[in-house]
Amino acid sequence: MRLGSFFVFVALCSLTAYYIYEPIPEKIEERWKLMLTNSFFRSLSHLADFSELLGLKDYMGVMYLITLLERVVPVSDERVKVTEETLDGVEVVLYQPRQQSDGAALRMAVIYLHGGGWCLGSSRMSPYDLLAREMVNELDAVVLSVEYRLAPAHHFPVAFEDVYRVVKHFLQRGVLAQYSVDPERVAVSGDSAGGNLAAAVSQQLQKEPKQQVHLKAQGLLYPVLQAVDLNTPSYQQNQDMPILPRTLMVRFWSEYFTTDKALFRAMMANSHNRHESSGLLKFVNWSAFLPEIHHGKYNYSPPAVMEGVGGDAAGVDRSSASFTDPRASPLLVPDSALHSLPKAYVMTCEYDVLRDDGIMYVTRLRAAGVEVTHVHYDTGFHGALMFNVWPTDFQIAQRMADNFIKWLKENV
Ligand SMILES: *[C@@H]1O[C@H](CO)[C@@H](O)[C@H](O)[C@H]1NC(C)=O
């Protein structure tokens with residue numbers, strides 16, 4: 001019996017050590033804290049796989065626990081008035097400064113789109129709530145945090161359309177006036193999948209012939225920008241990095257479009273592209289758009305283009321029209337669709353599968369004549385911005401937020 005407990009004890013210890021120990025680059029700050037944080041994410045991910053395997057609850061359903069754990073009820077405080085509203089049928093959390101703006105001065109507005117791979121996350125999570133308050137206090141801005149609907153319950157383009165409806169509704173002169181917002185000072189921004197939606201919305205809005213009020217700026221914080229090449233150098237270099245390993249990103253991508261696992265398998269193998277995509281490969285050619293220092297040890301080879309033939313291909317074919325849609329992959333547009341975009345702040349992290357999505361967009365926007373501020377964190381990892389709340393608070397999160405807010409102050 002005692003020997004039995006001893007074995008159980010040893011087994012538990014090794015299991016814990018296995019979970020916690022994950023080689024993390026020396027350059028990352030607060031490495032031990034990140035290892036511990038990541039062990040939680042990895043355990044949850046394994047549990048989610050297991051639960052799906054047993055048919056108890058699907059993978060994303062279990063992962064959604066992360067969102068629930070950090071959920072808060074956004075409440076007003078002495079400086080910020082917080083209300084939950086519905087704009088054109090879409091839920092938003094609205095943060096407004098309590099102080100009357102000086103005289104008749106109008107304010108800046110920031111439309112914020114949370115991250116979470118279109119499947120997780122909420123504007124009602126403490127990290128986003130905190131970030132919104134910081135923006136209100138530092139910028140005297142109105143912040144609109146959009147509670148768009150999530151996959152897999154709502155596949156593409158629902159998340160995009162929710163956000164687009166809110167943005168179009170808000171950008172009406174009458175609505176802006178109601179919140180004392182200056183029509184010349186509205187920015188859209190988001191992190192990760194939220195950055196994807198922000199980039200997509202900025203592109204689609206400039207195509208509206210009747211749009212009177214335009215966005216002043218777009219803030220893309222480690223954005224997801226393309227689903228065509230899931231083997232860029234950053235995808236390869238960071239495939240096992242904390243918080244967002246390649247498998248999870250591929251999972252998010254595939255679940256955004258379909259619950260059919262065929263797309264997930266094909267995307268894992270980077271063999272999901274069909275003939276129709278071949279003309280788009282030039283827009284994500286990293287050997288052309290990444291500065292040499294980010295090529296690393298990798299040599300460019302374009303993603304394979306498959307012919308649709310039975311089996312898995314059927315499921316992939318049904319989704320392929322969607323994943324190359326610029327509302328899902330904003331990088332897949334010609335320069336002519338980029339040149340009139342609002343100025344951009346693009347933040348990228350070295351230890352992030354999405355690093356190259358962001359850097360390629362920077363190169364392409366600049367080539368098209370768009371004013372871009374690119375901030376690259378050499379020691380940054382994906383999702384860092386969200387780690388601003390005890391006990392998973394990282395110094396880099398505050399630096400990222402401060403830097404972005406400073407840019408908004410000077411540019412919007
Ligand atoms: C990618 O870019 C390189 C270098 O600019 C070029 O040689 C190659 O033909 C391009 N390939 C594709 C598929 O666009």
Side-chain angles (χ1 to χ4, degrees), residues 195-196 199-200 202-204 220 222-239 246 249-250 253-254 256-257 262-309 312-313 316-341 344 346-374 376:
N196 166 279
S202 304
Q203 284 187 9
Q204 298 305 312
L220 314 178
Y222 37 73
V224 197
L225 295 166
Q226 56 88 24
V228 164
D229 190 353
L230 305 178
N231 267 343
T232 60
S234 61
Y235 264 105
Q236 297 185 56
Q237 173 191 297
N238 302 307
Q239 60 178 320
R246 181 175 182 271
M249 189 58 234
V250 169
W253 262 127
S254 64
Y256 191 23
F257 303 110
L263 183 64
F264 172 73
R265 287 191 294 268
M267 281 181 155
M268 277 305 286
N270 212 33
S271 66
H272 54 296
N273 287 290
R274 292 291 170 264
H275 211 67
E276 309 83 74
S277 316
S278 49
L280 301 170
L281 297 181
K282 60 176 181 290
F283 298 132
V284 290
N285 181 347
W286 61 259
S287 83
F289 301 130
L290 280 190
E292 201 87 36
I293 55 158
H294 297 297
H295 290 201
K297 57 177 193 221
Y298 306 101
N299 290 318
Y300 182 73
S301 62
V305 172
M306 304 288 169
E307 297 299 333
V309 275
D312 267 9
V316 175
D317 278 339
R318 276 194 300 278
S319 321
S320 65
S322 308
F323 69 71
T324 59
D325 188 317
R327 294 172 301 164
S329 292
L331 200 53
L332 303 182
V333 296
D335 288 3
S336 59
L338 298 175
H339 72 88
S340 59
L341 285 173
V346 182
M347 185 255 269
T348 53
C349 290
E350 182 58 25
Y351 301 110
D352 181 359
V353 290
L354 301 173
R355 178 197 73 187
D356 297 345
D357 280 27
I359 300 178
M360 284 195 277
Y361 205 45
V362 168
T363 307
R364 296 211 47 218
L365 287 173
R366 281 182 178 156
V370 179
E371 189 187 327
V372 183
T373 302
H374 178 205
H376 180 71

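Counting convention: from 1, in listed order, for ligands and their atoms alike.
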Q: Look at atom 5 (O) of ligand 1 and find which of Ser278, Ala288, Ser301 reaches it with the closest heavy atom.
A: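 The residue whose heavy atom sits nearest atom 5 (O) of ligand 1 is Ala288.
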
Q.
Applying a heavy-atom cut-off of 4.0 Å, say which part of Asn285 lies close to ligand 1: side chain, backbone, both or neither.
A.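 Near ligand 1, Asn285 shows its side chain, while the N, CA, C and O stay back.
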
Q) Looking just at side-chain N and O atoms, do Gln226 and Asp357 make a donor-acceptor pair shorter than 3.5 Å? A) yes

Q) Looking only at side chains, do His374 and Thr348 share a donor and an acceptor under 3.5 Å apart? A) yes

Q | Test item: protein heavy atom less than 4.0 Å from atom 14 (O) of ligand 1 | A |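 There is a protein heavy atom less than 4.0 Å from atom 14 (O) of ligand 1.
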
(Q) Closer than 4.0 Å to some heavy atom of Ser287 - which atoms of ligand 1 meet that? (A) 1 (C), 2 (O), 3 (C), 4 (C)

Q. Counting only heavy atoms not in Glu371, do more than 12 fall under 6.0 Å of its CD?
A.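 12 or below, so no.
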
Q) Is Tyr300 close to ligand 1, meaning an N/O of one under 3.5 Å from an N/O of the other? A) no

Q.
Would you call the rings of Phe257 and Trp253 parallel, tilted or perpendicular, taking 30° and 60° as the class edges?
A.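 Aromatic pair Phe257/Trp253 classed parallel.
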
Q.
Quick one, Met306 and His272 - any side-chain contact, counting heavy atoms below 4.5 Å?
A. no

